[in-house]
Amino acid sequence: MSNNTVRALLTISFKGETYELDSVIDLDGCLGEPGVAPNFHQRLARVAGIDPYSYLYEVLESHEIEFSDATGVAARSCRDGRFDWSRFEQDVREEREWPTVRAIAEGIMGARDWEAETSLKTALLAAYRAGKAGGA
């Protein structure tokens, strides 16, 4: 599996001081319960040593984080300063499952250009997931 990271940047002003929080986040370490995005504000605050019970933290939470420089499959989820966590989770799951699905499919159907046959690839992955789930 690839190393998935993203750069998170947030600039705020509080009591006449400017704070520029900038951190590269290891997204593989953030994967937990499916559908639950990590608290990126909290991660930035922790790296900067900002107390989560402070007024500064409240100001920090009220601002949007700008995301950039994503690596691995995370690059597909990072666009225009935003990060799509749901898409990232989906892409990571596909990256994990695809080698098994591909080996089965190529054993039956032979080698193919799977990127050119995206609908077939999607159908095979869906069938694989349905089988793992016990039917559905």
Side-chain angles (χ1 to χ4, degrees):
M1 188 163 82
S2 65
N3 186 27
N4 298 294
T5 64
V6 68
R7 179 178 179 210
L9 176 65
L10 180 63
T11 303
I12 57 172
S13 292
F14 180 71
K15 292 187 175 182
E17 288 188 52
T18 299
Y19 296 82
E20 191 168 296
L21 288 71
D22 189 354
S23 182
V24 174
I25 299 172
D26 173 11
L27 296 170
D28 295 322
C30 294
L31 289 167
E33 187 176 331
V36 179
N39 185 333
F40 291 114
H41 285 91
Q42 186 178 64
R43 288 177 180 274
L44 280 174
R46 189 179 309 127
V47 169
I50 297 172
D51 184 348
Y53 297 105
S54 68
Y55 289 121
L56 176 56
Y57 184 77
E58 288 182 29
V59 171
L60 181 151
E61 281 189 310
S62 71
H63 288 75
E64 291 288 321
I65 298 172
E66 182 179 332
F67 295 96
S68 64
D69 305 322
T71 63
V73 297
R76 294 188 293 232
S77 304
C78 188
R79 295 280 181 263
D80 302 320
R82 301 213 179 271
F83 189 76
D84 184 342
W85 181 258
S86 297
R87 173 156 185 195
F88 171 68
E89 282 186 312
Q90 179 182 340
D91 289 346
V92 166
R93 186 174 73 187
E94 182 177 303
E95 181 185 61
R96 288 180 183 160
E97 295 171 343
W98 180 240
T100 301
V101 174
R102 181 179 182 159
I104 294 167
E106 287 184 350
I108 296 167
M109 301 165 41
R112 293 176 177 252
D113 180 1
W114 297 105
E115 299 312 311
E117 297 188 59
T118 57
S119 59
L120 179 56
K121 180 180 177 181
T122 301
L124 290 168
L125 282 163
Y128 176 79
R129 290 179 191 130
K132 281 180 62 175

Indicate, with yes or no, if Ile104 and Val101 share a hydrophobic cluster defined by side-chain heavy-atom contacts under 4.5 Å among Ile, Leu, Val, Met, Phe, Trp and Tyr.
yes

Closest heavy-atom contact between Val6 and Ser68?
CG2-O, 3.5 Å

Between Asp69 and Val24, is any pair of side-chain heavy atoms under 4.5 Å apart?
no

All heavy atoms of Ala74 vs all of Thr5, minimum pair found to be CB-O, 4.0 Å

Of all heavy-atom pairs between Trp85 and Val36, which one has the smallest distance, and what is that distance?
NE1-O, 3.5 Å

For the pair Phe67 and Phe83, name the ring-plane relationship: parallel under 30°, tilted 30 to 60°, perpendicular over 60°.
tilted

Would you sort out whether Arg79 and Asp84 count as a side-chain contact (heavy atoms from CB on, under 4.5 Å), showing the intermediate values?
CA-CA 8 Å; Arg79 295 280 181 263; Asp84 184 342; over 6 Å; no

With no hydrogens and no angle check, is any side-chain donor or acceptor of Ser23 less than 3.5 Å from a backbone partner on Ala8?
no

Please walk me through it: do Leu27 and Thr71 pass side-chain contact (heavy atoms from CB on, under 4.5 Å)?
CA-CA 10 Å; Leu27 296 170; Thr71 63; over 6 Å; no

Identify the two heavy atoms, one from Cys78 and one from Ala70, that lie closest to each other, and give their separation to 0.1 Å.
CB-CB, 3.7 Å

Please name the pair of heavy atoms, one in Leu120 and one in Trp114, separated by the smallest distance, quoted to 0.1 Å.
CD2-CZ3, 3.7 Å

Measuring from Lys121:NZ to Asp113:CG, what's the distance to the nearest 0.5 Å?
10.0 Å

Side chain of Asn4, backbone of Asp28: donor and acceptor closer than 3.5 Å?
no

Going from CD on Glu97 to CG on Leu124, what distance comes out if it is rounded to the nearest 0.5 angstrom?
12.0 Å

Any side-chain heavy atom of Arg112 within less than 4.5 Å of one from Arg102?
no

Under the side-chain contact (heavy atoms from CB on, under 4.5 Å) criterion, do Ile65 and Leu21 qualify, and how do the steps go?
CA-CA 9 Å; Ile65 298 172; Leu21 288 71; over 6 Å; no

In this structure, CG of Leu60 is separated from CD of Glu58 (nearest 0.5 Å) by 10.5 Å

Tell me the closest heavy-atom pair linking Glu89 and Pro34, and the distance in Å.
OE2-CA, 3.5 Å

d(Glu61 CD, Ile50 CD1) to nearest 0.5 Å is 11.0 Å

Does Asp80 have more than 12 heavy atoms from other residues, nucleotides or ligands lying within 6.0 Å of its CG?
no

Any link between Tyr55 and Tyr53 through a network of hydrophobic side chains (Ile, Leu, Val, Met, Phe, Trp, Tyr) touching at under 4.5 Å?
no

Distance from Arg87 atom CZ to Arg76 atom CZ, nearest 0.5 Å?
6.5 Å

Any heavy-atom pair between the side chains of Tyr57 and Asp51 that's under 4.5 Å?
no

Evaluate side-chain contact (heavy atoms from CB on, under 4.5 Å) for Val92 paired with Phe88, printing each intermediate quantity in order.
CA-CA 6 Å; Val92 166; Phe88 171 68; 3.4 Å; yes

Under 4.5 Å between side-chain heavy atoms, counting indirect links through other Ile/Leu/Val/Met/Phe/Trp/Tyr residues: same cluster for Leu9 and Val59 or not?
no

Are the side chain of His41 and the backbone of His63 linked by a donor-acceptor contact shorter than 3.5 Å?
yes

